[in-house]
Engineer: 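Can you keep this structure in mind? I'll have questions shortly.
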Amino acid sequence: MLINFTLNHKSVTIDAPPDITLLTLLRDYLGLTGTKEGCAIGECGACAVMLDGRLVNSCLTLAPQVSGRELVTIEGISQPDGRPNDLQENFIEYGAVQCGYCIPGMVLAGEALLKRNPNPTRQQIRRAISGNLCRCTGYQQIVDAIEATAKDRTAHAKS
Amino acid sequence: MAKIESVGKPARRVDALEKVLGTAKYVGDFRLVGMLHARALRSELPHARIMRLDVTPALTVSGVKAVITCADFVDNGLYGFPVKDKYMLAYQKTRYVGEAIAAVAADTPAAALAGVKAIICELEPLPVLADMTRALEPDAPQVGPVSTAGQHPNFLNNCPVRHGNVEAVWPECEVTLERHYTVPHQEHAYLETEGALAIPTPEGGVAVYCSCQSPFINQGYLVAALGLPSELVRSIQPPVGGAFGGKDDLNYESSAQTAALALKTGRPVRMTFAREESMVASYKRDAMHMDIKLGAKADGTLRACEFAGLLDSGAYASESPFTGWRASIHAMGAYRYEACQVDITSVYTNNGYAGAMRGFGNTEVCLGIEQAIDELADQIGLDPLEFRLKNCLRLGDETPHGQRLTESVGLTECLTRVRDMSDWTRKRREFTAHNSQSPIKKGIGVAALFHGVSLGAEGADAASSTIEVNGDNSITLTSGLTDYGQGSRTVFTLIAADELGVKPARINIHRPDTYTALDSGPTVASRSTVVGGNAAQVAARNLAQTIDYAAASLLGCELSQLVREGEAYVGPSEEPVSWDNVVSHARQMGLILSARGKWSAPPIEWHHEGWGTPYFTYHYGAQVVEVAVDMGTGKTEVVGVWAVHDVGKVIFPQGAFGQAYGGITQGLGYALWERIDYDNGYLQATNFDEYMIPTALDVPDIKVAFVENNFSAGPHGAKNLAEPVLVPTAPATLNAIAHAIGRHIRDLPANLERVLLGHDLSKPGSGTACKLGLWTAM
Ligand code: FES
Ligand code: FES
């Protein structure tokens, strides 16, 4: 079937079977491999993407469910010239990255949180990324990076 | 401006950018034209004889291109180190649920799975050995190979430590304590599952991208199993999505299977695992039973330790003989004793199989000994932290192995600092008072550790680096050691940059590739910083000498007169010349701008009767954990963790803190939630819905500090870090729970029932989920 949606700020139409997951659509039909599979049962968040501004696990979403909606993956987060955005920059700055496998999902979880809560507490940040498993970092520097970005963005919005 | 110094200063991880952008390509992200997908048929029985294996029906399935069995490998693909007991595909028998029997390559993952289902495989069940305590009974089912040394076939090895005569000391001990502790298996739970991609080369060889820890080991196994000359086998290290010891064995099998299928079909072949397949087929941290006896004087001076450990290696040896050895060396803890007697015995069973995992034996024994130390302190009536301070190893002491500690022994400082950071003394006192009146019980516990740096007596210990100035004056550095997330590429870059006096950004460090890097042994045992870091330093120093000659020539001075200002060189005329100009001058002089460096660890000596110098130096550390236990539900909340570790020198601070936070979090998981049960050989948790690793909500903000007690042979004085940060977390947590509830939990994990009732409520499981897991679609 033809699936029509906005992917990373551009409109796309793709012919794909109706019974595949959004994760398969992204990785195997669109070649966007930044979104990872860690469990395929909705437990790890490695496959997290933003659908209409909300975080969803693409392994639990059927591809046709994105029809007419707005999808952002890790490939759509960086600046137009390809440089990392401020949150990605802070992930680097605060040492939030180790093996990197959970990181695309973590960045999207951070963005989704900051969209609805520009001033989160550390506990709210922990809650927001609690559906994203990371086996390497112990989460602390990921929380640092999201917290710093929230502060920078708020300061920026004020000035 | 002074000379550039990057070591110990804020720095950025060299591979962070591609990872935050999502452009880093892990094995599962590769897409090649004509690439086939591979899948293995895996045993549904924990122990069986293969009566009939007919793969021809698979070849009639649409899309299937090739099928292989053990017959497609030299010597049936027998491999393993230090014991050769496993096959690239099962030969005659299967010994655990999930063992690979045949492998299929097909156009799509679905066709590969259909092909696997079409294979006719008749298995005759054999008696199952599920209880390690029965493994050495005369009539136990035989799992291991027939022993040529007259040992029980299920006996793998025994590792002793002998110091003094415990029998003579026991009667003189005013206080003694005997306890039994157990730890279950632990799953590594790397977020990226296993994977390998093999590409046949025009000259008849194969290039393999394998998500593994040691590309040179992979190459060695491929050469042996495929019967190819080593020049035709290339092993390339892609980014690895976590390993923690868990990608140093099974992945070599996947690698050999994809390589054989690639050679057979002439097409690229990739195999990646679904999570369920990964959980069922992959090896775990071993389970261990520990019997500990301690003796002390009434004033709290430790005198003797007897430690008998039984290690469940499961169906294969993998690295358990080494795990058992490391466990034996650390079993008595970082204390002084008059006499010590340790025996760690490893046995075969049909419980999956066990191999390397972060901490490698020390994690297991530390859980036992550090609880026993607490229980003994309690019995004597001493504060457990002060008890440790009284007995812990100090500079100049002799270890229970007979090794004199001559430098870099920072345990006393770790203990006192962690005591102060955590506000130990006040909390210890106040919590005891508080707990008598509240259903929420507070507790604070401590654990200390020592951890031998690098391989020790496990084997030859050396690493190599190459370094080269490119045409654009950037620098390429290689190491034969793998960065699977720990940050070692950044560590090597910073060390080389300081040696050359250049900015780290000038250096590109490649991932290991057997065609460009030099064999540096395995990436295990937290050996990267010391052994690999020294190799990078030696290589950079060799290159720096060449560049210094060019600078002296250009500036018309002696080598000793050269001074650095930033990257620039300055001579007696005080006119700086840029690094680029010096390098151009070197080229005009005809000098070759590349170098190699090899570093071999200081010699060690271990006598197999149980004494000697097991490691050239040790890491020391102490952690304090604070908990709040709800006696209504049994739920343990981790309120705080404080950790102080003597690492010699911190090279890459951000990376060091990250290792500590991550290791401690894995330790909390081990203590409280992570549970691997084998029910008659069937794994009971096959994905993250049942195997609970800590989330961001389960862990508090962790406070970490480092003691930098210079180790003279380390690069900039550095020792190691990655494994030891995990080791004391679980016992510190259990000691905190004991402080809170007044009772020790001696079996992991300390789940709700064990905390509340003192015993486990788990019921017998079934094999269904485990069997189904082997057929999960990709
Ligand atoms: S892969 Fe989707 S949640 Fe794990
Ligand atoms: S960085 Fe490895 S899983 Fe998060």
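A note on names: the letters A, B, ... follow the listed sequences, proteins ahead of strands, and every chain is numbered from 1.
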Engineer: Non-hydrogen atoms of chain B under 4.5 Å away: do they reach the side chain of Ser130(A), the backbone, both or neither?
Structural biologist: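 Ser130(A) touches chain B through backbone and side-chain heavy atoms alike.
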
Engineer: Measuring heavy-atom distances to chain A, does Tyr484(B) have an atom under 4.5 Å in its side chain, in its backbone, in both, or in neither?
Structural biologist: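 The backbone, not the side chain.
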
Engineer: Using a cut-off of under 4.5 Å for heavy-atom pairs, which of Glu89(A), Glu37(A), Glu75(A) has the most such pairs with chain B?
Structural biologist: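 Of the options given, most contacts go to Glu89(A).
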
Engineer: Taking every non-hydrogen pair under 4.5 Å, which of Ile74(A), Ile125(A), Leu133(A) racks up the most with chain B?
Structural biologist: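 Top option by heavy-atom pairs under 4.5 Å: Leu133(A).
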
Engineer: With a 3.5 Å distance limit and no angle check, can you tell me whether Gln141(A) reaches the backbone of Gln654(B) through a side-chain donor-acceptor pair?
Structural biologist: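 Checked: pair present.
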
Engineer: Within the distance-only criterion (no hydrogens, no angle test), does the side chain of Asp689(B) pair as donor or acceptor with the backbone N or O of Glu43(A) below 3.5 angstrom?
Structural biologist: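 Not confirmed, Asp689(B) side chain does not pair with Glu43(A) backbone.
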
Engineer: Please indicate whether His9(A) has more than 12 foreign heavy atoms, meaning atoms of other residues, nucleotides or ligands, lying under 6.0 Å from its NE2.
Structural biologist: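 For His9(A), atom NE2 is crowded (more than 12 foreign heavy atoms under 6.0 Å).
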
Engineer: We want to know whether Gln659(B) and Gln98(A) form a side-chain donor-acceptor pair, criterion being a heavy-atom distance below 3.5 angstrom.
Structural biologist: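 Checked: Gln659(B)/Gln98(A) side chains pair up, N/O donor to acceptor below 3.5 Å.
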
Engineer: Is the count of non-hydrogen atoms from other residues, nucleotides or ligands lying under 6.0 Å from Tyr209(B) atom OH greater than 12?
Structural biologist: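 No - once you tally the heavy atoms of other residues, nucleotides and ligands closer than 6.0 Å, there are 12 at most.
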
Engineer: Is Pro653(B) in contact with chain A via its backbone, its side chain, both, or neither, using a 4.5 Å heavy-atom distance?
Structural biologist: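 Neither part.
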
Engineer: Enter the distance from Tyr691(B):OH to Cys39(A):SG here, rounded to the nearest 0.5 Å.
Structural biologist: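 It comes to 15.5 Å.
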
Engineer: Looking at Leu697(B) and Gln123(A), what are the two nearest heavy atoms and their distance?
Structural biologist: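 Minimum heavy-atom separation between Leu697(B) and Gln123(A): CD2-NE2, 3.3 Å.
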
Engineer: Are the side chain of Arg275(B) and the backbone of Gly38(A) linked by a donor-acceptor contact shorter than 3.5 Å?
Structural biologist: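 Yes, because the side chain of Arg275(B) sits within donor-acceptor range (under 3.5 Å) of the backbone of Gly38(A).
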
Engineer: Just verifying a value: how many Å separate Asp144(A) CG and Phe657(B) CZ, rounded to the nearest 0.5 Å?
Structural biologist: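 Answer for the CG-CZ pair, Asp144(A) versus Phe657(B), is 11.0 Å.
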
Engineer: Of the non-hydrogen atoms in Gly241(B) and Tyr101(A), which two are nearest, and what is the gap between them?
Structural biologist: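 Minimum heavy-atom separation between Gly241(B) and Tyr101(A): CA-CB, 4.1 Å.
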
Engineer: Which bit of Ile92(A) comes within less than 4.5 Å of chain B, counting heavy atoms only: side chain, backbone, both or neither?
Structural biologist: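 The answer is both parts of Ile92(A).
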
Engineer: At a heavy-atom separation under 4.5 Å, does Pro239(B) approach chain A through its side chain, its backbone, both, or neither?
Structural biologist: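 Neither part.
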
Engineer: One thing to verify: whether Arg135(A) and Glu192(B) come together as a salt bridge, which I'm taking to mean a side-chain N less than 4.0 angstrom from a carboxylate O.
Structural biologist: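 No.
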
Engineer: Counting heavy-atom pairs under 4.5 Å to chain B, which of Thr24(A), Thr35(A), Ile41(A) comes out on top?
Structural biologist: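 Top option by heavy-atom pairs under 4.5 Å: Ile41(A).
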
Engineer: Might you confirm whether atom NZ of Lys25(B) has over 12 heavy atoms from other residues, nucleotides or ligands at distances under 6.0 Å?
Structural biologist: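 Yes, NZ of Lys25(B) has more than 12 neighbouring heavy atoms, counting only those of other groups under 6.0 Å.
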
Engineer: Look at Ala96(A), Pro84(A), Ser78(A) and state which one has the largest set of heavy-atom pairs under 4.5 Å with chain B.
Structural biologist: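 Highest number of heavy-atom pairs under 4.5 Å: Pro84(A).
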
Engineer: So which part of Asn132(A) gets closer than 4.5 Å to some heavy atom of chain B, the side chain, the backbone, both or neither?
Structural biologist: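 No part of Asn132(A) comes within 4.5 Å of chain B.
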
Engineer: Against chain A, label Phe652(B) side chain, backbone, both or neither, depending on which of its atoms sit under 4.5 Å from a heavy atom there.
Structural biologist: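 The answer is neither part of Phe652(B).
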
Engineer: Pick from Glu18(B), Lys19(B), Glu276(B): which one has the most heavy-atom pairs with chain A under 4.5 Å?
Structural biologist: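 If we count pairs closer than 4.5 Å to chain A, Lys19(B) comes out on top.
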
Engineer: So do the side chains of Arg31(B) and Arg27(A) get within less than 4.5 Å of each other, counting heavy atoms only?
Structural biologist: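 Side-chain contact under 4.5 Å: yes.
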
Engineer: Highest number of heavy-atom pairs under 4.5 Å with chain A: which of Gly663(B), Ala24(B), Gly22(B), Gly662(B)?
Structural biologist: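 Top option by heavy-atom pairs under 4.5 Å: Gly662(B).
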
Engineer: Measuring from atom SG of Cys134(A) to atom OH of Tyr661(B), what distance do you get when rounded to the nearest 0.5 angstrom?
Structural biologist: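 Those atoms lie 14.0 Å apart.
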
Engineer: Need one label for Tyr139(A): side chain, backbone, both or neither, based on atoms under 4.5 Å from any heavy atom in chain B.
Structural biologist: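 Contact with chain B: side chain only.
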
Engineer: I need the residue from Gly100(A), Ala128(A), Gly34(A) with the largest number of non-hydrogen atom pairs under 4.5 Å to chain B.
Structural biologist: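 Maximum pair count with chain B is reached by Gly100(A).
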
Engineer: Can you establish whether the number of heavy atoms outside Arg127(A) located under 6.0 Å from its atom CZ is more than 12?
Structural biologist: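 No, because the 6.0 Å sphere around CZ of Arg127(A) holds 12 heavy atoms or fewer from other groups.
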
Engineer: Which heavy-atom pair separates Asp701(B) from Arg122(A) by the least distance, and what is that distance?
Structural biologist: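 Shortest heavy-atom separation between Asp701(B) and Arg122(A) comes out as OD2-NE, 2.7 Å.
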
Engineer: So which of Leu191(B), Thr665(B), Asp15(B) has the biggest tally of heavy-atom pairs under 4.5 Å with chain A?
Structural biologist: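 Top option by heavy-atom pairs under 4.5 Å: Leu191(B).
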
Engineer: Highest number of heavy-atom pairs under 4.5 Å with chain A: which of Leu21(B), Val699(B), Thr193(B)?
Structural biologist: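 Most heavy-atom pairs under 4.5 Å with chain A: Leu21(B).
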
Engineer: Look at Asp29(B), Thr695(B), Leu668(B) and state which one has the largest set of heavy-atom pairs under 4.5 Å with chain A.
Structural biologist: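 Highest number of pairs under 4.5 Å: Asp29(B).
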
